[in-house]
Amino acid sequence: MSPEELVLAHADLRDRLFAAKLLVPCGVDGLYGRSATFEKVLNGVDAAAYALGIVDDPITISFPPMIPRSTFEAVDYLRNFPQLCGPVFTFTGDNKDHSELVHRLDEHEDYSDCLSLSEVALTPACCYPLYPSLVGQLGDGDGWYSTMGYCFRHEPSVDPMRLQAFQQREHIRVGTPDDVLSWRETWVDRIPKLLESIGLEFRTEFANDPFFGRAGRLMSRSQIEQELKIEWLVPVFGEDHPTACVSANYHQNHFGELFGISTADGAEAHSGCVGFGLERCTVALFAAHGTDVSMWPDSVTSVLWP
Ligand code: ATP
Ligand code: ZN
């Protein structure tokens with residue numbers, strides 16, 4: 001498929017989801033309203049992804065879709081992925097500044113220099129708020145977590161699988177390197193079973209994050225060489241352009257060192273996470289089984305709504 005044909009395929013699937021009123025346009029690519037049916041499927045995927053981790057008895061915790069700017073800066077998001085980031089700006093000026101702001105609005109002029117950085121940023125991955133909360137030594141038997149929430153990434157696209165606002169279900173393991181890597185293996189077993197049970201084709205690959213620029217290319221290469229990221233890719237737009245619907249990341253001691261987390265034995269903690277892209281899985285299901293949920297096979301709906 002040529003790049004032009006791929007864009008047409010993206011637009012075609014998005015138009016079908018709009019026509020079926022599953023997604024509702026908001027005027028910006030990658031930002032959509034969702035129908036009750038879309039949400040029902042998404043919640044079914046989330047429940048199934050959550051249930052897969054229940055055997056680990058994780059601490060389940062929710063955070064708002066924002067992180068402190070201090071965390072956003074500490075995790076190097078702005079340095080590594082400036083093209084995706086979403087720091088929040090607000091107005092902190094006086095009456096004179098306000099008049100200037102209103103003038104710019106009236107004249108439809110750029111007003112970005114009338115705003116200033118706030119103390120929060122939009123969350124780019126829903127596991128980020130967890131790590132700073134774990135500062136100190138883990139208790140005996142601690143180290144398994146599960147969270148779900150909205151993420152923001154500035155990657156406007158007509159592809160309905162690439163959103164600016166989307167939800168992840170993440171399972172997180174914090175412990176020794178062996179703890180994290182053996183835990184990741186359990187997910188390498190579990191994830192295919194879930195994807196097969198809901199009728200999604202997939203393949204698995206070692207992958208990299210989209211680190212920015214020339215320095216980023218080196219980081220991407222090293223991430224693949226060290227097999228730090230595994231993706232489960234679903235070929236919604238053909239085998240040559242599959243989309244990552246689930247990813248598993250091994251962060252080594254990155255967050256343990258940054259946020260001063262140690263294991264129950266006092267060693268510097270390593271961490272890993274498994275992230276399900278809930279909208280991606282949901283859109284993949286509509287692409288695979290059609291936009292009319294009442295026609296979906298019982299084998300699939302019985303997994304989503306047991
Ligand atoms: P990609 O390489 O496709 O940009 P990713 O591998 O960088 O995705 P992760 O950072 O590992 O994504 O995020 C975990 C999961 O979140 C992904 O497997 C995917 O399902 C989902 N996800 C990531 N970016 C988006 C997006 N823009 N829209 C919808 N879901 C996304
Ligand atoms: Zn994560």
Side-chain angles (χ1 to χ4, degrees), residues 6 10 13-14 17 23 28-32 34 38 42 45-46 49 53 58 61 63 65 67 71 75 77 80-81 83-86 122-132 134 144-174 180 183-184 187 191 194-195 200 202-212 216 219-220 223-224 228-237 241-252 254-255 270-285 287:
L6 182 60
H10 288 163
L13 178 57
R14 188 173 76 162
L17 295 167
L23 289 182
V28 168
D29 287 339
L31 196 65
Y32 309 118
R34 300 104 194 281
F38 189 96
L42 184 144
V45 173
D46 180 44
I61 181 163
F63 293 96
I67 51 175
T71 305
V75 299
Y77 203 80
N80 292 330
F81 311 106
Q83 76 282 20
L84 302 177
C85 76
L122 301 179
T123 306
C126 76
C127 64
Y128 281 164
L130 177 72
Y131 308 109
L134 301 179
W144 287 265
Y145 307 91
S146 186
T147 187
M148 187 271 220
Y150 258 103
C151 303
F152 168 84
R153 295 187 192 173
H154 186 246
E155 38 185 358
S157 167
V158 292
D159 179 357
M161 299 187 80
R162 190 166 293 283
L163 306 177
Q164 298 204 53
F166 60 95
Q167 295 163 91
Q168 295 177 337
R169 160 64 58 186
E170 286 216 33
H171 299 282
I172 300 122
R173 178 75 171 106
V174 182
V180 176
W183 170 86
R184 189 172 76 164
W187 283 97
I191 292 163
L194 173 59
L195 295 177
L200 294 181
F202 62 91
R203 70 168 193 256
T204 313
E205 262 176 25
F206 290 112
N208 63 276
D209 288 310
F211 292 100
F212 187 79
M219 294 171 81
S220 297
Q223 196 181 15
I224 293 193
L228 299 180
K229 185 180 187 84
I230 307 171
E231 286 183 342
W232 285 262
L233 301 146
V234 178
V236 169
F237 303 109
H241 305 282
T243 311
C245 285
V246 190
S247 318
N249 298 291
Y250 175 36
H251 317 123
Q252 299 170 306
H254 181 66
F255 294 117
H270 282 229
S271 62
C273 66
V274 167
F276 290 80
L278 297 178
E279 286 81 359
R280 283 202 180 165
C281 292
T282 302
V283 170
L285 283 166

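In listed order, ligands and their atoms are each counted from 1.
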For ligand 1, which is the ligand I care about here, please tell me if [X] has any N or O atom under 3.5 Å from one of the ligand's N or O atoms.
X: N208; result: no
X: P210; result: no
X: A244; result: yes

For atom 4 (O) of ligand 1, which of the options Q167, R162, M161, H154 provides the nearest non-hydrogen atom?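 The nearest heavy atom belongs to R162.
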
Closest approach of any protein heavy atom to [atom], naming residue and atom:
atom: atom 2 (O) of ligand 1; answer: E231 OE2, 3.7 Å
atom: atom 12 (O) of ligand 1; answer: R153 NH1, 3.4 Å
atom: atom 3 (O) of ligand 1; answer: R280 NH1, 2.9 Å
atom: atom 21 (C) of ligand 1; answer: G277 CA, 3.7 Å
atom: atom 11 (O) of ligand 1; answer: K229 NZ, 2.6 Å
atom: atom 22 (N) of ligand 1; answer: F166 CE1, 3.5 Å
atom: atom 16 (O) of ligand 1; answer: Q168 NE2, 3.2 Å
atom: atom 17 (C) of ligand 1; answer: S247 OG, 3.4 Å

Test log, rule side chain to side chain contact (heavy atoms under 4.5 Å, CB included), inputs R153 and F81: CA-CA 9 Å; R153 295 187 192 173; F81 311 106; over 6 Å; no

Could you label the plane-to-plane angle of the F152 and H154 rings as parallel, tilted or perpendicular, counting under 30° as parallel and over 60° as perpendicular? parallel

Can you tell me how the ring of H10 sits relative to the ring of F237, calling it parallel under 30°, perpendicular over 60° and tilted otherwise? perpendicular

Are the side chain of R280 and the backbone of A244 linked by a donor-acceptor contact shorter than 3.5 Å?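 A pair under 3.5 Å: yes.
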
Sidechain-backbone polar pair: Y32 side chain, G30 backbone, donor-acceptor under 3.5 Å: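 Yes; judged by distance alone, with no hydrogens or angles, the pair exists.
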
State, yes or no, whether a side-chain contact exists between M148 and L278 at a heavy-atom distance under 4.5 Å.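 Sidechains of L278 and M148: in contact.
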
Show which atoms of ligand 1 fall inside a sub-4.0 Å distance from at least one heavy-atom site of L163. 26 (C), 27 (N), 28 (N), 29 (C)

Tell me whether ligand 1 is touched by E170 - counting only heavy atoms on the residue side and a distance under 4.0 Å.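 Judged by the 4.0 Å heavy-atom criterion, E170 does not count as contacting ligand 1.
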
Does ligand 1 have any atom sitting under 4.0 Å from a heavy atom of E279? no

Of all residues at least two apart in sequence or in a different chain, which pass the ring pair (Phe, Tyr, Trp, His ring centres under 6.0 Å) check with F276? none

Using 2.8 Å as a strict upper limit, say whether an N, O or S atom of C126 approaches the Zn ion (ligand 2) that closely. no

With side chain to side chain contact (heavy atoms under 4.5 Å, CB included) as the test, would you mind laying out the steps for V236 and V283 before giving the verdict? CA-CA 9 Å; V236 169; V283 170; 5.5 Å; no

Which is it for [X] and ligand 1 at heavy atoms under 4.0 Å: side chain, backbone, both or neither?
X: D209; value: side chain
X: Q164; value: neither
X: C245; value: backbone

With sequence neighbours excluded, give me every salt bridge (charged side-chain N to carboxylate O under 4.0 Å, His left out) pair touching residues 241-251. none

Of all N, O or S atoms in E170, the one closest to the Zn ion (ligand 2) is OE1

With rounding to the nearest 0.5 angstrom, report the CD1 to CG distance, I61 to L134. 8.0 Å

Knowing that exactly one of D209, N208, I224 qualifies, which makes a side-chain contact (heavy atoms from CB on, under 4.5 Å) with K229? D209

Please test W144 against W183 for side chain to side chain contact (heavy atoms under 4.5 Å, CB included), starting from the C-alpha separation and ending with a verdict. CA-CA 10 Å; W144 287 265; W183 170 86; 3.7 Å; yes

